[in-house]
Number of protein chains: 2
Amino acid sequence: MRDYSFPHSPSKRRLLEEAEKLFADRGFDVVSIRDITKAAEANSAAVNYHFGSKDGLIAMVVSRYLVPINEKRLTELNSLEKQYGSQPVPIEALLEAMVRPMAGVVRKSELSERLFYKLLGRIFSLQHEGFPSVVEQQVKLLANRFRRALGKHFPNVSEEELAWKIQFVVGAMIHTLIHQEWMNQMTDGASGAPSVEVTLERFVRFAAAGLREGVPDANADSQGAQVLFDF
Amino acid sequence: MRDYSFPHSPSKRRLLEEAEKLFADRGFDVVSIRDITKAAEANSAAVNYHFGSKDGLIAMVVSRYLVPINEKRLTELNSLEKQYGSQPVPIEALLEAMVRPMAGVVRKSELSERLFYKLLGRIFSLQHEGFPSVVEQQVKLLANRFRRALGKHFPNVSEEELAWKIQFVVGAMIHTLIHQEWMNQMTDGASGAPSVEVTLERFVRFAAAGLREGVPDANADSQGAQVLFDF
DNA sequence: GTCTATAAAGTGATAGAC
DNA sequence: GTCTATCACTTTATAGAC
């Protein structure tokens, strides 16, 4: 919780902001240090001075959003498991715990919603390469916790089957984060411009249905989910 | 159908093969012309001579697999719609028509299964940038056909809602194609090493369940799908 | 068709003046 | 902290010998 806040130096902060915009728009690989320093109206050595290297800057961008999001996810998960005790946490609640914290962190940046989610998508799709080891550990822990909590619903489903289902869910999430706007022109505008709230809800319903597929609803929460949410 | 076959020149073919391996493994942006010519044991001017430019090479790689896959998808779709007449084509059959042709084209390359699917995933995630315009048109047509066929199942679902669901499905597919092997270490081996056949089937079931979510099964094919497949 | 050499521009990173 | 200048390399692409 210490180093991931705003930089005190105003120029360091400007660099970070412009870097985030460019990374979100075009990807980490493609954007150069010079692209960033030019956009931030700084000299070309500024990134290396403030962040040590390009990788250092990327690690900073990754940590700044991913760490608080993952902390929030973890506390949500803890709270849910405490709340439900030995009962399995409803699938929708688990999914919410994974995606809703993203929406909570938007305001920490000066990015537009559109760019913020796109940046998050690019961060997620790094999948380790370029993750600081702290974040990597955090992600791995979270993935295990999530998988285990989900597994309680499907005692008869193999670990393999469950891992693949989760893979599908993660893919749907990342792709949607990155390609929201592209989707609009692809579908000739049919995708509309729904609020994040609506999109999150759609995603959760879709993912939950996919996860439940082929499973005898042992815990009967396919009917009771909406009710349980009212507690 | 003309230019997408194997190049006649053996060195051109070697370049293409090595390029495909490298692109699959590390991505189009990251791999340089020199990486490719070195791997193919050719001189550094070879790519520009045979393909005009790096973009020309990428366009060739894209077309070579995507064009036949999309042609197969289209004929599958045509055949299904003819078969079912005014009845909507079962969702599972539509999904199969989209993903199964990928498995049919593996053998056209000398790539391993693993690299071939990873390459396909990277091609799909290009989403236009770098698509030859012929392919772009083909993709757009196919997307429209698929969306329309799917829409027949959900007369009461808005175009917007449907577009988002399709987005989720596409994301799940692409991400799975690219990150199969990464998944294994992430889950400490829990994802196993299933055959492509098994993965395809899992994907189709997952996607179909997600698409059906929240929809009063007007056409009742959630029960009858397996039976219909026997024709 | 294949090669070497090289152009022209871009890359991340650093030294050293201010 | 900020800047310029520059190093050491890599990038795509091309000219021209063979």
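Note on naming: letters A, B, ... go to the chains in the order of the sequence lines (proteins, then strands), and numbering restarts at 1 for each one.
- Residues passing the side chain to side chain contact (heavy atoms under 4.5 Å, CB included) test with A:Lys72 are A:Glu76, A:Pro101, sequence neighbours excluded.
- Applying the salt bridge (charged side-chain N to carboxylate O under 4.0 Å, His left out) test to A:Asp25 and every residue at least two apart in sequence or in another chain returns A:Arg114, A:Lys118.
- Among residues two or more places apart in sequence or in another chain, the side chain to side chain contact (heavy atoms under 4.5 Å, CB included) test is passed with B:Ala45 by B:Asn43.
- Applying the ring pair (Phe, Tyr, Trp, His ring centres under 6.0 Å) rule to A:Phe168 yields the partners B:Phe203, B:Phe206; only residues at least two apart in sequence or on another chain are considered.
- With values rounded to the nearest 0.5 angstrom, A:Phe146 atom CZ is found 8.5 Å from A:Leu77 atom CG.
- Taking the charged nitrogens against the carboxylate oxygens, B:Glu129 and A:Arg26 have no contact shorter than 4.0 Å, which rules out a salt bridge.
- In summary, the side chains of A:Asn78 and A:Thr75 do not present any donor paired with an acceptor at a separation below 3.5 Å, with no hydrogens or angles considered.
- Residues satisfying the side chain to side chain donor-acceptor pair (under 3.5 Å) test with A:Glu110, not counting sequence neighbours, are A:Arg13.
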Using atom names, set out every protein N or O paired with an N or O of nucleotides 4-10 of chain D below 3.5 Å, distance rounded to 0.1 Å.
none

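- For B:Glu201, the side chain to side chain donor-acceptor pair (under 3.5 Å) partners at least two apart in sequence or on another chain are B:Arg205.
- From the 5' end on, the contacts that DNA chain C makes with chain A at under 4.0 Å to a non-hydrogen atom open and close at C:dT11 to C:dT14.
- The side chain to side chain donor-acceptor pair (under 3.5 Å) search around B:Asp55 returns none, not counting sequence neighbours.
- Among residues two or more places apart in sequence or in another chain, the side chain to side chain donor-acceptor pair (under 3.5 Å) test is passed with B:Gln138 by B:Asn70.
- A:Lys54 forms no cation-pi arrangement with A:Phe28, by the criterion of a distance under 6.0 Å to the ring centre and an angle within 45° of the ring axis.
- Remark: nothing in residues 19-31 of chain B comes within less than 4.0 Å of DNA chain C through any heavy atom.
- DNA chain D lies under 4.0 Å from at least one heavy atom of each of the following residues of residues 47-57 of chain A: A:Tyr49, A:His50.
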